[in-house]
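The figures here come from the full heavy-atom set of this structure, side chains too, leaving out hydrogens, waters and symmetry mates. Proteins get letters first, then strands, A, B, ... in listed order; numbering begins at 1 in each.
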2 protein chains.
Amino acid sequence: MLREARKKELKEKIFLQALQLFRDKGFEQVTVQEITATCGIGKGTFFNYFAKKEDILLYLGESQIELLQQSMEKHRNIDQPKKQILHVLDDLLHHFSSHSELMKLASMEIIKSASLAGKESKSVQQLHRQLASMINSAKQDGKLHSRWETDIIATAIVGVYFHTILSWTLLEAQYSTINESFRRQFDVVWEGIDHS
Amino acid sequence: MLREARKKELKEKIFLQALQLFRDKGFEQVTVQEITATCGIGKGTFFNYFAKKEDILLYLGESQIELLQQSMEKHRNIDQPKKQILHVLDDLLHHFSSHSELMKLASMEIIKSASLAGKESKSVQQLHRQLASMINSAKQDGKLHSRWETDIIATAIVGVYFHTILSWTLLEAQYSTINESFRRQFDVVWEGIDHS
DNA sequence: GTCATTTAATGACTACGGTCATAATAGGTT
DNA sequence: AACCTATTATGACCGTAGTCATTAAATGAC
């Protein structure tokens with residue numbers, strides 16, 4: 001149906017224009033009026049695509065899922081599960097670092113909406129799911145021996161990852177610092193996971 | 001000066017009335033009008049004391065500092081630094097648990113404002129400082145031997161603590177679960193800290 | 001007590017996020 | 001084409017956070 005294609009196209013347009021404006025002027029300084037004017041549509045139309053202004057940031061978080069999948073594809077043939085997961089998460093961290101200001105805001109919104117809704121956001125769920133799938137494969141291929149259930153392992157890793165992101169937003173550190181800190185934390189956690 | 005006393009008194013009144021209303025109806029459902037009406041003052045007066053409605057939540061976070069100091073006093077004479085710190089942080093967690101809804105919101109605001117301001121909030125700074133002071137005392141008394149600088153140790157512990165808080169807001173878990181998880185994480189970190 | 005000055009209180013006003021009833025339009029049906 | 005229905009666009013409108021010029025009050029000097 002053409003309808004669907006148009007809808008998605010317009011949503012993408014609103015999303016991209018909004019991001020550009022946010023980058024230029026900062027989230028708070030951009031009004032919904034401004035976004036819609038830039039897109040050549042009426043103000044009300046915005047809210048047909050995003051329930052709240054903040055939802056642009058949630059969508060940004062969700063759009064990282066694509067990146068995640070690309071990265072998993074890229075590192076599909078790495079043998080050691082630890083290395084594989086580390087590479088994937090490092091890709092995410094790296095991307096995060098190159099758009100840090102907006103990504104920080106997006107993280108806040110993801111956490112906030114998750115804590116208000118009492119359930120995890122789409123993007124966190126996805127990360128969890130993809131990690132679980134990597135871990136399961138590794139288990140089945142005999143590359144990982146652990147007494148923990150896959151879900152528990154995935155949760156632990158997501159926890160470390162988010163802790164890293166959070167520290168970053170708080171400490172305003174460089175990518176190299178954060179990455180280093182992440183690796184150290186990951187080492188500790190992995191030691192508890194892998195009983196090979 | 002009487003001026004100062006009155007000011008503080010009114011700020012406290014606004015703060016307490018606002019908290020009560022937030023608890024009754026939820027943060028979003030309470031208007032500034034309502035808060036000021038309950039206090040018998042004009043709407044504009046609110047903003048002489050708190051720059052934003054959200055700042056009530058930040059103030060709530062800061063008010064935990066008192067609790068922190070009380071707790072440190074209470075456990076001042078515990079010999080082992082590990083036990084001492086664990087007791088203090090457990091007190092904080094426990095208090096957090098008994099006002100969890102508001103404290104979750106407050107945590108979000110603390111993190112948010114910290115990430116926007118690019119620096120840590122008062123409450124986080126205080127926690128860091130007090131931990132550092134405990135650690136330093138322990139070092140000087142020969143009760144703790146570590147190759148790490150005091151600040152690094154304090155940062156690591158604050159990190160674990162905040163990770164715990166964050167997990168809590170995301171997972172909607174019970175106090176006992178969270179507390180258990182915190183102890184485990186703390187054990188791991190402490191192992192890296194203490195080289196006695 | 002009176003005047004001057006600093007500080008706090010106030011509510012009309014502004015700007016923006018979000019709603020909603022209505023208008024426009026696309027797709028399908030005959 | 002003519003009509004009907006479901007979907008999308010729209011901007012007037014509403015409620016509220018936050019501003020600000022003005023008023024009121026407190027403090028201090030003489």
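In the set dG18(D), dG17(C), dA9(C), dG17(C) carries the atom at the smallest distance from any side-chain atom of Val32(A). Listed nucleotides: dG18(D), dT19(C), dA9(C). Nearest to the side chain of Phe47(A): dT19(C).
The residues Lys8(A) and Glu12(A) are annotated as not salt-bridged, no charged nitrogen and carboxylate oxygen being separated by less than 4.0 angstrom. The existence of a salt bridge linking Arg76(A) and Glu73(A) is confirmed by a sub-4.0 Å separation between a basic side-chain nitrogen and an acidic carboxylate oxygen. Taking the charged nitrogens against the carboxylate oxygens, Asp79(B) and Lys143(B) do have a contact shorter than 4.0 Å, which makes a salt bridge.
Residue Gly44(A) is classed as a base contact, given a heavy-atom separation below 4.0 Å to a base. Nucleic acid contact for Ile35(A): none, since no nucleic acid atom lies under 4.0 Å from a heavy atom of the residue. Note on Thr31(A): only backbone sugar-phosphate atoms sit closer than 4.0 angstrom, heavy atoms only; bases stay farther off. Nucleic acid contact class of Lys43(A) (heavy atoms, under 4.0 Å, all strands): base.
One interatomic measurement links the two molecules: NZ of Lys53(B) to P of dG18(D), which rounds to 8 Å at whole-angstrom precision. Rounded to a whole Å, the CD atom of Glu9(A) is 15 Å from the C1' atom of dT8(D). Atoms NZ (Lys52(B)) and P (dC16(C)) sit 15 Å apart, rounded to a whole Å. To the nearest angstrom, P of dT23(D) lies 21 Å from CD1 of Ile41(B). Going from atom CD1 of Ile14(B) over to atom P of dA8(C) covers 13 Å, rounded to whole Å. Per the geometry, NZ belonging to Lys25(A) stands 9 Å off P belonging to dC16(C), to the nearest Å. Taking atom CD on Gln33(B) and atom C1' on dG18(D), their separation rounds to 12 Å, with Å as the unit. The separation between Phe46(A) atom CZ and dC20(C) atom P is 17 Å, rounded to whole Å.
No close placement of the His145(A) and His195(A) rings is indicated, their centers lying 6.0 Å or farther apart.
Listed pair Tyr49(A) / dA9(D) meets the phosphate criterion, a side-chain N or O lying under 4.0 Å from OP1 or OP2. Between Lys7(B) and the phosphate of dA8(C), there is a side-chain N or O to OP1/OP2 separation shorter than 4.0 Å.
Side-chain N/O atoms of Asn48(B) and base N/O atoms of dA9(C) include a donor-acceptor pair closer than 3.5 Å.
Using a distance-only test at 3.5 Å, with no hydrogens or angles considered, no donor-acceptor pair links the side chain of Ser133(B) to the main chain of Arg129(B).
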